[in-house]
Amino acid sequence: MTSTPQRPGDAGTWLSPSAPPPGRLGAAGDATTAAAALALARRGETLVYRGDYRNARQLLAAMGRRLAAPRARTAQPPDLLARFHAERQARRQEHLLLSRLAVPVEAGPAVPLAHAPDVAAALAEALGAAALPGLLPLRDLLGMIGAHEWRRKGVEVPALGARIHPRYGVFAPVRGEHVDLVAEAARRWPVAG
């Protein structure tokens, strides 16, 4: 999903494959509080972070904690289907709000924030030949960095007796019970041919 952001002087493309393009852009930095950032995000503003990368990560985490706290205190609907739908709706809202904290991405690709890690390989794997410069939700960037590490190191799957090297966009391969079930079924009922 790409589009051209509108305002404030951030030329480029919206690089997120999972979050809708911003309607309005605003500024955020090291002095921005989680409460202020969430208030702006709830009004539909996407905040372009300019400051220290580590502080941007802390702001995103604080925003997430503020969203999780009311959800934990909310009474659960009585039936399971209603609970499921309420949880999915809350997760969707959380995704939309947390995706409104974005970082600039420059050609290279690189994130021009103080203390930002080298993200060239992670972004190249996840975005391919995306048009740069652009904006990317910090949450997406963190997912791309994590996926790059999985791809580089691999994830052990005991039922396979091997490591898999998933790409960005694949569900987190941190649980393998389904592989164990399939392996056990194949052992019990071998398929001819």
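Worth knowing before you read on, the calculation uses all heavy atoms, side chains too, and leaves out hydrogens, waters and symmetry mates.
Side-chain N or O atoms of Thr32 include one that pairs as donor or acceptor with a backbone N or O of Gly29 at under 3.5 Å. Without hydrogens or angle criteria, His95 side chain to Ala90 main chain gives no donor-acceptor distance under 3.5 Å. A donor-acceptor pair is defined here as one N or O able to donate and one able to accept, closer than 3.5 Å; such a pair exists between the side chain of Arg163 and the backbone of Gly154.
In terms of the side-chain contact (heavy atoms from CB on, under 4.5 Å) criterion, residue partners of Ala121 (sequence neighbours excluded) are, by chain and number, His148. Scored by the side-chain contact (heavy atoms from CB on, under 4.5 Å) test, Ala126 finds Met144, Tyr168 as partners (sequence neighbours excluded).
Pairing each heavy atom of Ala34 with each of Met63, the nearest pair is CB-N, 3.9 Å. Residues Leu47 and Ala28 come closest through the heavy atom pair CB-CB, 3.8 Å. Residues Glu184 and Arg187 share a closest heavy-atom pair of OE2-NH2, 2.5 Å. For the pair Ala102 and Trp14, the tightest heavy-atom approach, listed with the atom from each and the gap, is CB-CZ3, 4.0 Å. What you find for Ala19 and Pro137 is that their closest heavy atoms are CB-CG, 4.3 Å. The minimum heavy-atom distance linking Pro104 with Leu135 is given by the pair CA-CD2, 3.8 Å.
We find the NE2-CG distance between His85 and Leu80 to be 11.0 Å, quoted to the nearest 0.5 Å. Distance check, rounded to the nearest 0.5 Å: CG of Leu38 to OG1 of Thr33 gives 9.0 Å. Interatomic distance, CG of Leu138 versus CZ of Arg100, reported as 15.5 Å (0.5 Å rounding).
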Inset, instruction - Check the pair Glu87, Arg91 against salt bridge (Lys or Arg N to Asp or Glu O under 4.0 Å), reporting the backbone distance first and the verdict last. - result: CA-CA 6 Å; Glu87 178 64 20; Arg91 295 268 180 175; 2.7 Å; yes

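Every pair tested for salt bridge (Lys or Arg N to Asp or Glu O under 4.0 Å) that includes a residue from residues 36-47 fails, sequence neighbours excluded, so the list is empty. Within the structure, salt bridge (Lys or Arg N to Asp or Glu O under 4.0 Å) pairs that include any residue of residues 142-151 comprise Glu149-Arg152, Glu149-Lys153 (at least two apart or interchain). Applying the salt bridge (Lys or Arg N to Asp or Glu O under 4.0 Å) test to pairs two or more places apart or on separate chains, those with a residue in residues 122-143 are Glu94-Arg139. Listed by first and then second residue, the salt bridge (Lys or Arg N to Asp or Glu O under 4.0 Å) pairs that reach into residues 53-63 are Asp52-Arg54, sequence neighbours excluded.
Note on Leu96: it does not cluster hydrophobically with Leu25, by side-chain heavy-atom contacts below 4.5 Å among ILVMFWY residues.
Annotation: Arg83, atom CZ; neighbour count of heavy atoms from other residues, nucleotides and ligands within 6.0 Å is above 12.
Residues Thr13 and Val105 form no side-chain contact, since every pair of their non-hydrogen atoms from C-beta on lies 4.5 Å or further apart.
With no hydrogens or angles considered, a side-chain donor-acceptor pair links Asp30 and Tyr49 at under 3.5 Å.
Test Leu141, Leu127, Val103, Leu123 against Leu15 for side-chain contact (heavy atoms from CB on, under 4.5 Å) and you get one pass: Leu127.
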